[in-house]
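Down below is the structure, laid out as structure tokens.
Here is the naming used below: chain letters follow the sequence lines, and residue numbers restart at 1 for every chain. What's counted below: heavy atoms across the whole structure, side chains too, no hydrogens, waters or symmetry copies.
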2 protein chains.
Amino acid sequence: MHLAELSRRSGVSVPSIKFYLREGLVPPGTPVSARKAEYSEDHVRRLRLVRAMLTIGKMSVAQARDVLAVAEDPAFTRHERLGAAQYMLPPHVEAPPQDSEERVVWDEIRGLILDELRRLGWRFLDTAPALDVLTQSVATLVGLGYDAPVEDFRRYAAAIRPMAEAEYATIALYEQIEEALEATVAYTVLVEPILLALRRLAHEDVSSRLRHGTGDEPAP
Amino acid sequence: MHLAELSRRSGVSVPSIKFYLREGLVPPGTPVSARKAEYSEDHVRRLRLVRAMLTIGKMSVAQARDVLAVAEDPAFTRHERLGAAQYMLPPHVEAPPQDSEERVVWDEIRGLILDELRRLGWRFLDTAPALDVLTQSVATLVGLGYDAPVEDFRRYAAAIRPMAEAEYATIALYEQIEEALEATVAYTVLVEPILLALRRLAHEDVSSRLRHGTGDEPAP
DNA sequence: CCGCCAAGGATAGTTGAACTATCCTTGGCG
DNA sequence: CGCCAAGGATAGTTCAACTATCCTTGGCGG
């Protein structure tokens, strides 16, 4: 198909597709002649993924480009691609505080988190960006005067572990099929809002029960 | 304290504080004379919260203003404020697809989700924005050619429910203390990245075990 | 063979958000 | 009485993400 049809199929305007091509978010079509390029079904999928990364994942164009680049770099093994893509996905902490006093608090919180997760037997690199995100969130919470939710923490971790196992299996399944190299990215970006939305609905349910709790039994 | 000191204490530049004052993200100080205003410790807290909403929560200035406005509007009861603030927090779905074919898929997915959650006994309004976010994410996943994760869904919901109960209790505790009106906002915005970061670390752990699984036992 | 013409690519312009710098007003104080 | 800095108002800047315009190119009809 040509640019015009790709635009129609994907719901992205022609100038925007050109922009994404320029930025390297979408691979160029195969040139069928010097002034015509042929686009495939993969391009439609890719455009949809890009839109999801930008709108749902709130990623910048630059971030999306970098993530997609490693996610499909044949120089890496599938496992490496998976890890590298995940490490590049936002959110990220720009830089830990330089201010010495804040830095002490930061390091202390990071240490506590690390200990707690190691105690659970979790294995990951000390350089995992998610660790810094965790530290930042907890540090901010503490800075606002709230207690660090350490016991909640253990509960969160225990609840999340089995989910991650199931998800990993699903992703690995799709990764076997070579056509779905971007499964990691799609699952990471799109399952996250699902989890958060469920959490909010659960809050609403809890709140509703406590307020106008009728004769119904609480959920198991 | 004066503007200059507020800036120092909060780590936000003076022009930015002025900007936030103008935009209504921070309440004005109490004017001690015509050219001097006194800012309190609450202003420091508020500025930190605002920065967290903008940087960690990736909210826009307008969204932050609206959320904070309802979160402390004395015209609402505590319970109403809680719900209203949560409903206004991002992410949001701008508009369901108008295209008739896509719209059918959308409604179908929305119906499936609603059925599933009702079957679990969850109570919430049909207008909850989180429902649309859920629908959008699942619809996008389906549009990319992945299966809708319905059985994972049940697992997610079951795992999240007890977390939500514990969190609600914590938030309610802080809400009792009148000085922490923004507890809902702080917890929603700051605990979400914690959950997502834990999920990513769990993925890394699972991946690491499957790859170079040593003699260690898998985590319970 | 020559020139037309549209697809596709290059270039510059637009828009909106989030600051940021400058100017202006004001009243306490020497 | 006039200086002067805090604080507020106004306009300017920067950056990302598009978006519109022009330009190049080569197949093809005359």
Side-chain angles (χ1 to χ4, degrees), chain A residues 1-40 43-44 46-68 90-92 94 189, chain B residues 1-40 43-44 46-68 90-92 94 189:
Chain A
M1 74 190 81
H2 293 179
L3 237 197
E5 193 183 348
L6 179 60
S7 167
R8 206 180 42 71
R9 286 284 311 280
S10 63
V12 180
S13 73
V14 171
S16 289
I17 294 178
K18 288 183 174 185
F19 174 67
Y20 295 152
L21 282 165
R22 244 176 296 142
E23 295 292 322
L25 294 183
V26 178
T30 54
V32 68
S33 84
R35 61 177 183 79
K36 279 205 171 161
E38 193 69 19
Y39 298 96
S40 69
H43 284 90
V44 179
R46 169 56 71 93
L47 271 174
R48 287 196 186 136
L49 178 64
V50 164
R51 288 307 300 169
M53 291 171 85
L54 298 185
T55 62
I56 301 183
K58 290 192 175 183
M59 298 172 64
S60 72
V61 167
Q63 285 173 330
R65 177 186 52 229
D66 295 345
V67 169
L68 289 170
H92 271 153
E94 54 307 332
V189 169
Chain B
M1 74 190 81
H2 292 181
L3 236 197
E5 193 184 347
L6 179 60
S7 167
R8 207 180 41 72
R9 287 283 312 280
S10 62
V12 180
S13 73
V14 171
S16 290
I17 294 177
K18 287 182 173 184
F19 174 67
Y20 295 152
L21 281 166
R22 243 177 296 143
E23 295 293 323
L25 295 182
V26 178
T30 55
V32 68
S33 84
R35 64 175 180 82
K36 280 208 170 159
E38 194 68 18
Y39 299 96
S40 69
H43 284 90
V44 178
R46 170 57 71 93
L47 271 175
R48 288 197 184 134
L49 178 64
V50 165
R51 288 307 301 168
M53 291 171 85
L54 298 185
T55 63
I56 301 184
K58 289 192 176 185
M59 297 172 64
S60 71
V61 167
Q63 286 174 330
R65 177 186 51 230
D66 295 345
V67 169
L68 289 171
H92 271 150
E94 54 308 332
V189 169

Below 3.5 Å between N/O atoms, which protein atoms pair up with nucleotides 8-10 of chain D? Just atom names and distances, please.
{"from": "D:dG8", "atom 1": "N7", "to": "B:K18", "atom 2": "NZ", "distance (Å)": "2.8"}
{"from": "D:dG8", "atom 1": "O6", "to": "B:K18", "atom 2": "NZ", "distance (Å)": "3.2"}

Checklist outcome for this item: Writing each nucleotide of DNA chain C 5' to 3' as (, ), [, ], | or . by Watson-Crick or G-U pairing under 3.5 Å yields ||||||||||||||||||||||||||||||
Item to check | Nucleic acid contacts - residues 53-61 of chain B versus DNA chain C, non-hydrogen atoms under 4.0 Å | outcome: B:L54, B:S60, B:V61
Checklist entry - Any side-chain heavy-atom pair from B:K18 and B:L3 closer than 4.5 angstrom? => result yes
Checklist entry - Going by heavy atoms in the side chains, are B:V189 and B:L49 under 4.5 Å from each other? => result no
Item to check | B:I17 CD1 to D:dA6 C1', straight-line distance once rounded to whole Å | outcome: 13 Å
Item to check | Atom-pair distance (CG on A:L25; C1' on D:dA17), nearest Å | outcome: 11 Å
Next on the checklist: I need the B:M59 CE to B:M53 CE distance, nearest 0.5 Å.
Outcome noted: 3.5 Å
Checklist outcome for this item: Assert: residue with more 5' nearest nucleotide on DNA chain C, out of A:H2 and B:P15, is A:H2
Checklist entry - CZ of A:R8 versus C1' of C:dA7: gap in Å, rounded? => result 17 Å
Checklist entry - Taking C-beta and beyond as the side chain, do A:P27 and A:H43 meet within less than 4.5 Å on heavy atoms? => result yes
Checklist entry - Is there a side-chain contact between B:L47 and B:I17 (heavy atoms, below 4.5 Å)? => result yes
Checklist entry - How far apart are the closest heavy atoms of A:R22 and A:P15, and which atoms are they? => result NH2-O, 4.3 Å
Next on the checklist: Could you tell me how far apart B:D66 (CG) and C:dA17 (P) are, to the nearest whole angstrom?
Outcome noted: 13 Å
Item to check | B:F19 CZ - C:dG16 P separation (whole Å) | outcome: 15 Å
Checklist entry - Between atom CD in A:E5 and atom C1' in C:dG8, what is the gap in whole Å? => result 16 Å
Item to check | Beyond-backbone contact of B:R51 with B:S10, side-chain heavy atoms, under 4.5 angstrom | outcome: no
Next on the checklist: Can you confirm whether the side chains of B:Y39 and B:R46 place a donor and an acceptor under 3.5 Å from each other?
Outcome noted: no
Checklist entry - Atom CG of A:L25 and atom CD of A:Q63: how far apart are they, to the nearest 0.5 Å? => result 11.5 Å
Checklist entry - Mind checking whether B:V44 and B:M1 have side chains closer than 4.5 Å, heavy atoms only? => result yes
Checklist entry - Does a nitrogen or oxygen in the side chain of B:S16 sit under 4.0 Å from OP1 or OP2 of C:dA18? => result no
Checklist entry - How is B:R51 classified with respect to the nucleic acid when contacts are heavy atoms under 4.0 Å: base, sugar-phosphate, or nothing? => result sugar-phosphate
Next on the checklist: Looking at A:Y20, I'd like to know whether one of its side-chain N or O atoms comes within less than 4.0 Å of OP1 or OP2 on D:dA17.
Outcome noted: no
Item to check | Gap between atom CD of A:E38 and atom CD of A:E5 - 0.5 Å precision | outcome: 8.5 Å
